[in-house]
Amino acid sequence: MRAALSAVDRVSQAAGIVAVLLVVGIVILIIAEVVCRTVFNISLSFAWEYSSYFLGTAIFLGAAFTLRTGGQVRVAFLITSRNARVAYISELLATIFGVGITCYLAYSMILFAWQTFVAGSTSFTVVAVPLIYPTSGLAVGATLLALQMVVRLIRLLIDDPPDDREAMRSYSVE
């Protein structure tokens, strides 16, 4: 069981690395656009479109790793309660609710990607990007987030720590 949980953590970590690379790609595209406009007086028509696809995908791919490392925004009023039982029940109920929400999100994103594939949808720009590519990135990220949320619930039920703060510290810049 713990091996399966660790495998999900590794996949989430890999997705987080891909998210970072996508953000670097955004920076490169925007810098290239600025340089081309300033120096050569031309525009890279695809730069803003691809940047928006990269951003959406990066947000979704990075969400599972963020959840695992405890980097998400949350209200910890009841979780930091002096009563350990109240804190545990609050965490458990919030996680169960989170599993429901993220599973619905994953289902919706998979359905959305499937519909863009079946319809052969493309972007409205000159580049006409097949929308299956950006929507499938969203679907994969949402699915990983739902899977990581289920893993969080399992960890709570077997008394493992749900957050891996050490993983976050190993990536932080000090």
Side-chain angles (χ1 to χ4, degrees), residues 1-31 47-80 87-114 116-117 129 131-174:
M1 169 79 94
R2 292 195 200 304
L5 301 179
S6 293
V8 172
D9 289 345
R10 286 191 300 278
V11 171
S12 295
Q13 185 177 22
I17 291 168
V18 172
V20 168
L21 294 175
L22 287 169
V23 171
V24 169
I26 293 169
V27 170
I28 291 169
L29 281 169
I30 299 305
I31 289 173
W48 293 103
E49 180 180 7
Y50 282 26
S51 292
S52 63
Y53 296 148
F54 286 3
L55 179 60
T57 304
I59 288 169
F60 275 82
L61 286 178
F65 181 71
T66 302
L67 176 66
R68 177 63 179 130
T69 57
Q72 76 279 8
V73 175
R74 65 181 179 186
V75 178
F77 175 68
L78 291 175
I79 296 169
T80 57
Y88 175 77
I89 290 172
S90 299
E91 187 78 30
L92 187 65
L93 291 175
T95 302
I96 291 169
F97 182 71
V99 166
I101 295 293
T102 57
C103 285
Y104 180 74
L105 175 68
Y107 169 76
S108 298
M109 287 293 114
I110 291 168
L111 188 61
F112 179 47
W114 179 251
T116 60
F117 174 71
V129 174
L131 292 179
I132 184 61
Y133 300 125
T135 58
S136 62
L138 300 177
V140 168
T143 303
L144 284 175
L145 177 60
L147 191 57
Q148 191 67 58
M149 190 63 83
V150 169
V151 166
R152 180 182 183 82
L153 178 61
I154 293 169
R155 282 197 169 101
L156 283 169
L157 293 173
I158 64 172
D159 268 345
D160 268 3
D163 296 330
D164 184 5
R165 303 271 182 197
E166 290 302 314
M168 189 59 141
R169 283 190 199 106
S170 67
Y171 288 102
S172 66
V173 178
E174 294 182 29

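Heavy-atom basis, side chains included; hydrogens, waters and symmetry copies ignored.
With a 4.5 Å cut-off on side-chain heavy atoms, Y133 and T116 do not count as touching. The shortest distance between side-chain heavy atoms of V129 and Y50 falls below 4.5 Å. In this structure the side chain of L5 reaches within 4.5 angstrom of the side chain of I158, judged on heavy atoms. Annotation: side chain of L153 is in contact with side chain of L92 (closest heavy-atom distance under 4.5 Å). Within the 4.5 Å cutoff, no side-chain heavy atoms of M109 are placed close to those of T135. Between V140 and T57, every side-chain heavy-atom pair lies at or beyond the 4.5 Å cut-off. Q148 is listed as a side-chain neighbour of V8, based on a closest heavy-atom distance under 4.5 Å.
Closest of all the heavy-atom pairs between A58 and V23 is CB-CG2, 4.0 Å. Taking every heavy atom of both residues into account, S12 and F65 meet most closely at O-CB, 3.5 Å. The two residues G137 and L61 have their closest heavy-atom pair at O-CD2, 4.3 Å. Heavy atoms only, all atoms of each residue included: A19 and G62 are closest at CB-N, 3.8 Å.
Between the CZ atom of F117 and the CG atom of L131 there is a distance of 13.0 Å, given to the nearest 0.5 Å. With rounding to the nearest 0.5 angstrom, the CZ atom of F112 is 11.0 Å from the OG atom of S136. How far CG of L21 is from CD1 of I28: 9.5 Å, rounded to the nearest 0.5 Å. Taking OG1 of T143 as the reference point, atom CD1 of I110 lies at 3.5 Å (rounded to 0.5 Å). To the nearest 0.5 Å, atom CD of residue E49 and atom CZ of residue F54 are 10.5 Å apart. Distance check: L55 CG to W48 CH2 gives 11.5 Å after rounding to the nearest 0.5 Å.
Panel note: side chain Y88, backbone L156; a donor-acceptor pair is recorded below 3.5 Å.
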task: For side chain to side chain contact (heavy atoms under 4.5 Å, CB included), just list the numbers for F60 and L105, CA-CA rounded to whole Å, side-chain angles, deciding distance to a tenth of an Å, and then say yes or no.
output: CA-CA 11 Å; F60 275 82; L105 175 68; 4.0 Å; yes

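Ion pairing between a basic and an acidic side chain is recognised when a charged N comes within 4.0 Å of a carboxylate O; E91 and R155 show no such pairing.
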